[in-house]
Amino acid sequence: MADKNYYDILGISKTASQDEIKSAYRKLAKQYHPDFHPGDKAAAEKFKEINEANAVLSDEQKRKQYDFELEHPGMGGGNPFSGGFSGGGMGGFEDIISSMFGGSFGGAFGGGEPKRARGADIEHTVSLSFLDAIKGCSKEISYMRNQPCASCNGTGAKDGTAFKKCGRCGGSGKVKFQQDTIFGRTIQVGACPDCGGTGKEITDKCPDCKGKGYQRRETRFTINIPAGVDKDSSLRKRGYGQAAGNGGESGDLYVYFRIEPHKMLRREDRDLYVTVPISYRTAVQGGKIQVPGIDDTLELAIPECTPSGTRFCMRGKGVRTVNGTGNLYVTVEIEVPSKLSRDQLKKLNDYENSVPLKSCDNMQRYSNNLSAVYGKKVDKQ
């Protein structure tokens, strides 16, 4: 019985496309990744649920099985996530689904090639500086995993050759299963439980891996990270996940990124944002200021009478990606002195009185609105 609603766990509808499933999974996996919540058991359990939901819904066959069980609770004890066989027969749920949809077990009356077990995927997080993420870099990655045994080529047999033909399936790797269901008697073909679908039985186990087909080892290599990766980016390296054993396909490695903030710049997709303080004189008279860029400082011309909070766009000075280059947006804020002498205050007051209200557009508009709404007029404040 489907005791968990995987659609609710990923926050998607039952009609979600594979792209929508993939997007929802990536977003939640980053949100609840254990690297971001060390010691948080609730986050770890949520992360496990998210991966379980994705493993089912991203696989079309498992999703069909799961959807059927949601609609017909109690019609079988199979779990599409755990898959497979138990003892000498198949669970009723798997039989029903296979007969309806052609199944991954070869379809009714067989003929299909049984799938070998595939190793689990591994997720690894890499920390990058703000500029490394923008400009691209190379990083050495190191992690522990089950590597295919080099001595037996992942087969578990001594020298990779100590096999004999499987006595149960006769070397075909497939056996027939008969099951009575509510739809009648069905005959299915599935992977032989004795040899795991390989058609071979080990006669002499590999002494290095003790017949498992893999060894626990550190994997270390250098990965080239392209320019423009962001916190939502990921890289996939095929075959660098957990080994499956018995010569099965290894899982994949998914590399995610934790990007350190910049002291001055803020990033949104391909665009960069920065706030720069300027003096009152520069705001009034205009002038040139230095703003931070990706490789060096950039020069920006400030026109006369620039109000505080004005935003300027420096086109093409943002992040360069394969989809294009963003812009750098510069917001200027007028810096107010923290302290003035009496003489300076007097000069400031004389200046203020010398500037007519009509030359200050915002103040003039504010005064007119006060007069219209409240019947009061102000000169300057």
Side-chain angles (χ1 to χ4, degrees), residues 36 127-137 227-231 257-321 324-381:
F36 297 101
S127 293
L128 297 177
S129 71
F130 188 86
L131 293 181
D132 277 347
I134 289 177
K135 299 165 70 172
C137 63
V229 297
D230 206 351
K231 58 185 178 181
F257 303 102
R258 182 192 296 116
I259 300 175
E260 300 169 1
H262 192 271
K263 289 184 177 180
M264 303 179 73
L265 295 169
R266 179 174 59 86
R267 178 179 176 182
E268 291 184 12
D269 195 12
R270 290 177 292 181
D271 296 327
L272 296 176
Y273 296 83
V274 65
T275 299
V276 179
I278 61 173
S279 68
Y280 180 75
R281 184 185 66 180
T282 301
V284 174
Q285 294 183 348
K288 293 181 179 180
I289 63 171
Q290 297 293 314
V291 300
I294 294 175
D295 295 308
D296 200 353
T297 58
L298 304 170
E299 192 172 76
L300 175 66
I302 303 298
E304 293 181 0
C305 302
T306 295
S308 185
T310 300
R311 174 179 286 183
F312 299 91
C313 175
M314 302 184 74
R315 296 194 174 277
K317 299 301 182 181
V319 181
R320 184 183 300 275
T321 69
T325 304
N327 303 319
L328 171 61
Y329 292 94
V330 183
T331 301
V332 295
E333 290 185 350
I334 298 175
E335 184 75 6
V336 178
S338 59
K339 189 176 181 180
L340 294 175
S341 67
R342 287 188 177 183
D343 184 55
Q344 289 171 328
L345 287 170
K346 182 179 181 304
K347 290 179 179 178
L348 180 62
N349 189 56
D350 291 342
Y351 160 76
E352 185 78 11
N353 292 331
S354 69
V355 178
L357 178 63
K358 63 182 180 180
S359 66
C360 303
D361 294 339
N362 288 337
M363 285 188 179
Q364 182 68 64
R365 191 177 302 110
Y366 179 74
S367 178
N368 292 341
N369 288 337
L370 275 180
S371 178
V373 176
Y374 300 100
K376 295 181 180 179
K377 266 195 164 186
V378 295
D379 188 14
K380 285 184 182 179
Q381 56 182 18

Next item on the list: Assess whether side-chain contact (heavy atoms from CB on, under 4.5 Å) is satisfied between D132 and F257, documenting all intermediate values.
Entry: CA-CA 11 Å; D132 277 347; F257 303 102; over 6 Å; no

Next item on the list: Could you check E335 against S279 for side-chain contact (heavy atoms from CB on, under 4.5 Å), going step by step and ending with a plain yes or no?
Entry: CA-CA 5 Å; E335 184 75 6; S279 68; 5.9 Å; no

Next item on the list: Begin with the C-alpha distance, continue with both residues' side-chain angles, and end with the deciding distance and a verdict on side-chain contact (heavy atoms from CB on, under 4.5 Å) for L348 and Q344.
Entry: CA-CA 6 Å; L348 180 62; Q344 289 171 328; over 6 Å; no

Checklist line | Step-by-step side-chain contact (heavy atoms from CB on, under 4.5 Å) determination, V332 to I289 | finding: CA-CA 10 Å; V332 295; I289 63 171; 4.2 Å; yes

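Atoms CD1 and CG, from I259 and D230 in turn, are 5.0 Å apart once rounded to the nearest 0.5 Å. In this structure, K317 NZ and D271 CG are separated by 14.5 Å, a value rounded to the nearest 0.5 Å. Taking CZ of R315 as the reference point, atom CG of N327 lies at 5.5 Å (rounded to 0.5 Å). One finds the CG atom of L300 at 8.5 Å from the CG atom of L328 (value rounded to the nearest 0.5 Å). For the atom pair K135 NZ and S129 OG, the distance stands at 8.5 Å (nearest 0.5 Å). Here the straight-line distance linking atom CD1 of I294 with atom CG of L272 works out to 5.0 Å at 0.5 Å rounding.
Contact annotation: the side chain of R258 approaches that of S127 to within less than 4.5 Å [non-hydrogen atoms, C-beta and beyond]. With a 4.5 Å cut-off on side-chain heavy atoms, F312 and T306 count as touching.
Contact between I334 and A283 at its shortest, heavy atoms only, is CD1-CB, 3.7 Å. The two atoms that bring L128 and C137 nearest to each other are CD2-SG, 3.9 Å, heavy atoms only. M314 and E299 make their closest contact through CE-O, 3.8 Å (heavy atoms, listed as atom of the first residue, atom of the second, distance). Across all their heavy atoms, Q290 and T297 have their closest contact at OE1-OG1, 3.1 Å. Considering every non-hydrogen atom in both R266 and F130, the closest pair reads C-CZ, 4.4 Å. The shortest non-hydrogen separation linking T282 to I302 is O-CG2, 4.2 Å.
Around the CZ atom of R270, the shell of radius 6.0 Å holds more than 12 heavy atoms that belong to other residues, nucleotides or ligands.
At distances below 3.5 Å, not a single donor-acceptor pair connects side-chain atoms of R365 with backbone N or O atoms of S367. In this structure, the side chain of N353 engages the main chain of N349 through a donor-acceptor pair within 3.5 Å.
Classification of the Y351-Y280 ring pair by plane angle, with boundaries at 30° and 60°, yields perpendicular.
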